[in-house]
Amino acid sequence: MLPFTVIRLDHVSKTFPGSSAPAVGDLSFEIAEGEVACLVGPSGCGKTTTLRMINRLIEPTSGTITVAGRDITSVPAHELRRGIGYVIQQVGLFAHRTVADNIATVPKLLGWDKARAHRRTEELLDLVGLDQSLKDRYPSELSGGQQQRVGVARALAADPPVLLMDEPFGAVDPIVRLRLQDELKALQARLRKTIVFVTHDIDEAVRLGDRVVVLNVGGVLEQIASPADLLGAPSNEFVARFVGSERGIRRLSLINVKDIELDEPLGDGQPTISPDATLLDALQTLLRSGKHAANVDGSGSLSLERIAREVK
Amino acid sequence: MSWSWITAHLGDIASRTVEHLELTGIAIGLGFVLALALSILAIAKRRTYAPITWVAGVMYTIPSIALFALLVPVTGLSKTTAEVALVSYTLLILVRNIVAGIDGVPASVREAATAMGYTRWRMFFTVEIPLALPLVIAGLRIATVTTVGLVTLTALIGQGGYGAFILDGLQRFFNTPLFVGAILSVALAVALDVALVALERALMPWARRRAV
């Protein structure tokens with residue numbers, strides 16, 4: 001077990017009625033407190049089914065799931081769900097309720113008083129970067145990106161420790177998606193939620209995940225690793241193909257200069273690189289300057305060969 | 001048209017209007033409650049939907065005069081007879097529209113509501129029904145207009161309403177009460193329809209504002 005395991009799947013499988021093959025077969029893994037775990041894989045890999053078993057939208061055929069050390073079947077499903085945030089691609093906002101009322105959904109289910117729910121709503125609008133003036137709007141009056149922000153705010157309303165997200169940014173355009181991903185990262189840096197994030201996009205998984213869970217068709221676990229490890233050392237042919245041929249270059253954007261062993265400092269006349277830069281930034285600096293190596297502020301130097309070794 | 005007949009019968013016109021409204025109101029009220037119950041059954045147990053609409057459909061096709069004839073030996077020349085017939089005519093339209101309205105709620109909304117911890121029936125009354133309102137009210141409008149027309153026939157079993165004027169006119173070959181009954185019946189149907197549109201607008205503030 002991980003030191004602070006929040007979500008634990010133990011030999012979980014799911015076979016839907018009328019289907020001979022399992023959608024998820026004998027899956028076990030753990031997610032630690034404050035971790036973003038991205039479930040990724042091709043369609044039919046059971047990633048959404050796995051996610052939905054955690055809040056019991058789908059009941060497993062066998063196996064057990066615990067959240068915060070408690071078997072999820074030990075409390076009524078609706079009570080369990082009030083403690084787990086849930087965000088989906090289609091958002092599923094209530095068209096008949098204002099933005100404020102949508103956000104206050106779970107607080108209302110939990111019986112918070114009006115003043116407290118109201119304060120929390122204002123807090124959340126700020127948190128997800130929505131103007132307070134949108135409070136009394138209806139969902140149909142918002143843009144897609146704004147709706148998705150309301151969806152995230154609604155999921156966070158009662159401050160649940162766990163957040164489940166099912167391709168939340170799949171329906172917005174690529175530019176908005178990048179911005180929402182950055183916002184989620186910034187949000188997570190402040191909130192330290194335990195997040196399970198389903199996506200079919202390996203780039204998104206690598207950008208957002210502390211760990212990436214790669215699933216194959218039938219809910220078979222192929223690899224669970226940090227993004228850098230996943231791109232650096234795919235455990236098998238399936239994972240290597242899934243993460244793609246540019247995985248080496250992509251990996252450079254995940255490693256900071258200060259995190260690798262550097263060579264001896266060089267003399268003057270070389271470009272300098274910040275230790276906080278990523279290896280991809282360093283590579284760009286070198287290629288642009290036409291030099292073979294660069295000094296890293298105060299600590300050593302970095303050469304093209306050294307970077308190439310990290311590409312793997 | 002005899003204007004003197006009209007001026008002499010203003011009191012009657014008022015009381016017939018009250019009778020007509022009462023017969024319509026009870027039929028729509030009871031019909032809606034019954035249709036809601038049947039819709040809940042149909043949604044909870046989908047297999048029951050086809051039989052429910054089949055029975056409601058058969059009732060809908062029975063000519064009202066025939067239905068009165070069938071009921072009078074059981075319930076007499078009473079308001080009960082009138083209402084049983086009137087309510088049975090509202091069921092098909094109301095059940096169909098309520099179920100279609102609930103079915104039209106996007107799956108993602110239902111999924112989100114469930115995942116946030118709604119219980120089934122809380123979701124039904126506070127999420128699904130409000131979102132189904134356009135179709136529910138469309139059903140109520142059709143049922144109401146139809147019922148106002150049908151109520152004119154309840155005069156045949158002595159239940160008053162504008163039908164009493166029409167019947168009077170037919171029996172005496174005297175056009176004025178006949179026209180008055182028919183025109184007022186149409187006017188009442190239109191007025192109630194307009195009232196329901198206003199109700200819809202009042203109940204659905206979110207539909208009045210559109211996307212920016």
Side-chain angles (χ1 to χ4, degrees), chain A residues 48 51-52 54-58 75-99 101-111 134 136-144 146-147 150-151 154-158 160 163-166 168 171, chain B residues 36 39-40 43-47 97-141 196-212:
Chain A
T48 292
L51 188 83
R52 290 161 140 231
I54 297 171
N55 64 358
R56 292 181 64 188
L57 288 180
I58 295 175
V75 286
H78 65 268
E79 278 174 34
L80 170 85
R81 291 172 187 146
R82 289 172 191 173
I84 299 177
Y86 190 66
V87 184
I88 51 176
Q89 183 177 325
Q90 307 85 341
V91 199
L93 292 180
F94 300 138
H96 63 301
R97 297 200 189 140
T98 61
V99 166
D101 288 340
N102 265 283
I103 294 175
T105 299
V106 181
K108 213 174 142 196
L109 288 173
L110 292 171
L134 296 179
D136 298 321
R137 296 266 183 95
Y138 287 100
S140 64
E141 300 173 291
L142 304 180
S143 70
Q146 287 172 327
Q147 291 186 10
V150 175
R154 185 173 68 169
L156 290 169
L163 206 55
L164 307 180
M165 308 181 90
D166 191 356
Chain B
L36 194 64
S39 301
I40 289 172
I43 288 159
K45 297 228 180 302
R46 202 69 206 198
R47 280 176 297 122
N97 276 51
I98 294 170
V99 172
I102 302 290
D103 283 351
V105 174
S108 61
V109 171
R110 209 172 273 130
E111 180 184 342
T114 308
M116 281 187 292
Y118 271 88
T119 51
R120 184 68 191 86
W121 296 116
R122 185 158 181 174
M123 176 164 85
F124 182 78
F125 287 108
T126 65
V127 176
E128 294 179 306
I129 286 283
L131 291 175
L133 271 180
L135 275 175
V136 173
I137 295 192
L140 277 173
R141 287 175 61 189
L196 281 168
V197 172
L199 177 73
E200 180 177 12
R201 288 173 60 87
L203 287 177
M204 299 178 47
W206 65 91
R208 252 176 286 155
R209 296 197 232 149
R210 274 291 123 215
V212 273

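So that the names make sense, note that chain A is the first sequence line, chain B the second, and so on, each numbered from 1. In what follows, every heavy atom counts, from backbone to side chain, and hydrogens, waters and symmetry copies are set aside.
- Among residues 115-127 of chain B, the residues having any heavy atom closer than 4.5 Å to a heavy atom of chain A are, in sequence order, B/Ala115, B/Met116, B/Gly117, B/Tyr118, B/Thr119, B/Arg122, B/Thr126, B/Val127.
- Applying the side-chain hydrogen bond (donor to acceptor under 3.5 Å, both in side chains) criterion to A/Arg82, with sequence neighbours excluded, gives no partner residue.
- Of all the listed residues (A/Arg154, A/Gln89, A/Arg81, A/Glu79), the one sharing the greatest number of non-hydrogen pairs under 4.5 Å with chain B is A/Arg81.
- Contact residues of residues 129-140 of chain B toward chain A are B/Pro130, B/Leu131 (heavy-atom distance under 4.5 Å).
- With a threshold of 4.5 angstrom between heavy atoms, A/Leu110 does not approach chain B through any atom at all.
- Ranked by non-hydrogen atom pairs under 4.5 Å with chain B, the options A/His78, A/His96, A/Gln90 are led by A/His96.
- When heavy atoms are compared at a cutoff of 4.5 Å, A/Leu57 approaches chain B solely by way of its side chain, counted from C-beta outward.
- Between chain B and the options A/Val91, A/Thr105, A/Asn55, A/Leu93, the largest number of non-hydrogen pairs under 4.5 Å is found for A/Thr105.
- When all heavy atoms are compared, the tightest approach of B/Pro205 to A/Tyr138 is CG-OH, 3.4 Å.
- For chain A, no part of B/Ala107 is nearby; none of its heavy atoms comes within less than 4.5 Å.
- Neither the backbone nor the side chain of A/Val87 comes within contact range of chain B; no heavy atoms are under 4.5 Å apart.
- Within a 6.0 Å radius of CZ in B/Arg47, no more than 12 heavy atoms belonging to other residues, nucleotides or ligands are found.
- With sequence neighbours excluded, the residues that form a side-chain hydrogen bond (donor to acceptor under 3.5 Å, both in side chains) with B/Glu111 are A/Arg52, A/Tyr86.
- Summarising the geometry of B/Ala112 relative to A/Gly92, their closest heavy-atom pair is CB-O, 3.6 Å, with the distance given to 0.1 Å.
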